[in-house]
Protein chains: 2
Amino acid sequence: MSAPRTARAIARAELTRAILDLAGHQLAEVGPAALSVRRIARELDMASSAVYRYFPSRDALLTALIVEGYDDLGGRAEAADSAVDDRADHAARWRAVAHTVHDWAREQPHRYALLYGSPVPGYAAPQDTVTPATRITGLLLAIVRDAEQAGVHPAGVLPVPPVEAAAVQPVATMLSPAVSDEMTVRALTAWATLFGHISLELFGHMHRGVLDYDVHFAQVVDQVAADLGLA
Amino acid sequence: MSAPRTARAIARAELTRAILDLAGHQLAEVGPAALSVRRIARELDMASSAVYRYFPSRDALLTALIVEGYDDLGGRAEAADSAVDDRADHAARWRAVAHTVHDWAREQPHRYALLYGSPVPGYAAPQDTVTPATRITGLLLAIVRDAEQAGVHPAGVLPVPPVEAAAVQPVATMLSPAVSDEMTVRALTAWATLFGHISLELFGHMHRGVLDYDVHFAQVVDQVAADLGLA
DNA sequence: AGAAAACAAGAGCATCGCTCTCGTTTGTTG
DNA sequence: CAACAAACGAGAGCGATGCTCTTGTTTTCT
């Protein structure tokens, strides 16, 4: 797996990183749509055609940025969860993760848009992006699973008919022991609420509707925690 | 307000419509990013520079498509709400509107992405788009307001501290009579859940996680209705 | 040492948004 | 009705993009 220590391989790894870093800066500054391969080459003092030795296309570069983003977000969320001392305080863990995602999105709005906004390349997200994307969702599910193992039941949850249980079966059985169907539905709903709220906020849909985004986000996160049945 | 009946004004109105329609078709086919002014001109057998007599820029064209989209979506949602015979069946009205938005989004994914995905032009959505955007959110709020007027209380709702009440004050007082702070928070949460779910589904984040989108969406909509306290 | 692979650079293609100029058509006004 | 002004359409052109192809050089492997 590890690269040979030839000078060429080292140079390649360095240049690949340099390109990716520069692309990251461009992403943060001008957004995904305005990311330019030629500009990266210019800032690196190389011919634009040379960049294509490292990334076969602009979309491949964006894909790499997406993967990097999922990893960064997932890592930060996991760290925030781990930082909660009382592992049985599932509400605190949920809050920590939710606010971490929120903060991360506000710090890097363009990157968030790249991950959770409209897919900018052709259409289907490349396969490479789905695995790293499962990291945060897996983390949210793990917290909910832990809570359920501790005897927590979601509040005010509707009965889940067999057809719905079948529909969400992959998510329910993602972890072992599996999560109950009711909790799975609540968790998926919480997931949609979390990212829906952040997207609406970041993309300007709450403009002049909500005055203090942070206060309201905290309230929604607490409300969702209550619906999940967390302490 | 209405245009003079000169031949030129009529021709202008027709060409403006033709450009907008063609842009709409391109949007549906190749998405917002690949929408090309030159291609529109080509399909209209005119010089690309002539199109700029009707829309000052590509972004202006996209803005017009956004406004059109909000209007179409808002109109359909209002029609779906009005089609519910029993005006006091607020759960049925919420379901009708939610499923209408869902269907609309699946029929025109690129248009939905244009409205609720990452903003593709510079950054801030032009002022022209905010008024038509309030149509669906206003409709959702109206249903909830009607329910509350009929004595409905949201289920399992957290107390709303004054600071949060102040934060959501514009939304709460948007309609008269005003909606309670608790119901306002629940409504905003429902809003985020609805569009969050649709965005996650359309943008591929539920791939291999949920097997039947329609079944699961219906379950979530019912769950949200229950949380709102609707029948 | 020689063959093979990786590399960097440059020219070039097709496309894009947008601007400017230049005739032509239409509408308005004296 | 004639003259002027405004709107219009077409074309050329600018700067920029993603990407490909060729050509010559450097590094690696056999």
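Chain A is the first sequence line, chain B the second, and so forth, proteins listed ahead of strands; every chain is numbered from 1. Just so it is clear, the values below take in all heavy atoms, side chains as well, and ignore hydrogens, waters and symmetry mates.
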Determine the contact category for A:I40: base if any of its heavy atoms lies under 4.0 Å from a base atom, sugar-phosphate if only primed atoms, P, OP1 or OP2 are that close, otherwise nothing.
nothing

Ranking D:dC8, D:dT28, C:dC18 by distance to the side chain of A:T6, first place goes to D:dT28

Is there a side-chain contact between B:E14 and B:I19 (heavy atoms, below 4.5 Å)?
no

Quickly work out the A:R53 CZ to D:dG18 C1' distance and round it to whole Å.
17 Å

So does B:S36 get a side-chain nitrogen or oxygen closer than 4.0 Å to the phosphate oxygens (OP1/OP2) of C:dG17?
yes

Looking at B:H99 versus B:F217, is the centre-to-centre ring distance below 6.0 Å?
yes

Here the distance between atom C1' of D:dG18 and atom CG of A:L61, to the nearest Å, is 12 Å

Closest to the 5' end of DNA chain D, once A:P56 and A:R42 are matched to their nearest nucleotides, is A:R42

Would you kindly give the CE-to-C1' distance between A:M46 and C:dA6, to the nearest whole Å?
13 Å

Using a 4.5 Å cut-off on heavy atoms from C-beta on, say whether the side chain of A:V220 contacts that of B:L188.
no

In whole angstrom, give the distance that lies between atom OH of A:Y52 and atom C1' of C:dA11.
15 Å

Could you check whether A:R135 makes a cation-pi contact with A:Y70, meaning its NZ or CZ is under 6.0 Å from the centre of the six-membered ring and within 45° of the ring axis?
no

Sugar-phosphate, base or nothing in reach of B:F55, heavy atoms under 4.0 Å
nothing

Given atom CG of B:L15 and atom C1' of D:dA7, what is their separation to the nearest angstrom?
13 Å

Donor-acceptor pair present, B:S49 side chain and D:dG11 base, under 3.5 Å:
yes

Should the pair A:R186-B:D227 be classified as a salt bridge under the 4.0 Å nitrogen-to-oxygen rule?
yes

Examine the base of C:dT25 for any acceptor or donor lying under 3.5 Å from a partner atom in the side chain of B:R8, and report the outcome as yes or no.
yes

Rounded to the nearest Å, what distance is computed from the CD atom of residue A:E14 to the C1' atom of nucleotide C:dA8?
17 Å

Any N/O donor-acceptor pair, B:R12 side-chain to D:dA7 base, under 3.5 Å
no

Which is true for B:S48 with a 4.0 Å heavy-atom rule: it touches a base, it touches only sugar-phosphate, or it touches nothing?
base

Take the protein atom CG of A:D45 and the nucleotide atom C1' of C:dC7, then report the distance between them rounded to whole Å.
17 Å

Tell me whether the side-chain N/O atoms of A:Y54 come closer than 4.0 Å to OP1 or OP2 in C:dA8.
yes

Need one value for A:A7: base, sugar-phosphate or nothing, where a base atom within 4.0 Å counts as base even if backbone is also close, heavy atoms only.
sugar-phosphate

Quickly work out the B:R38 CZ to D:dG9 P distance and round it to whole Å.
17 Å

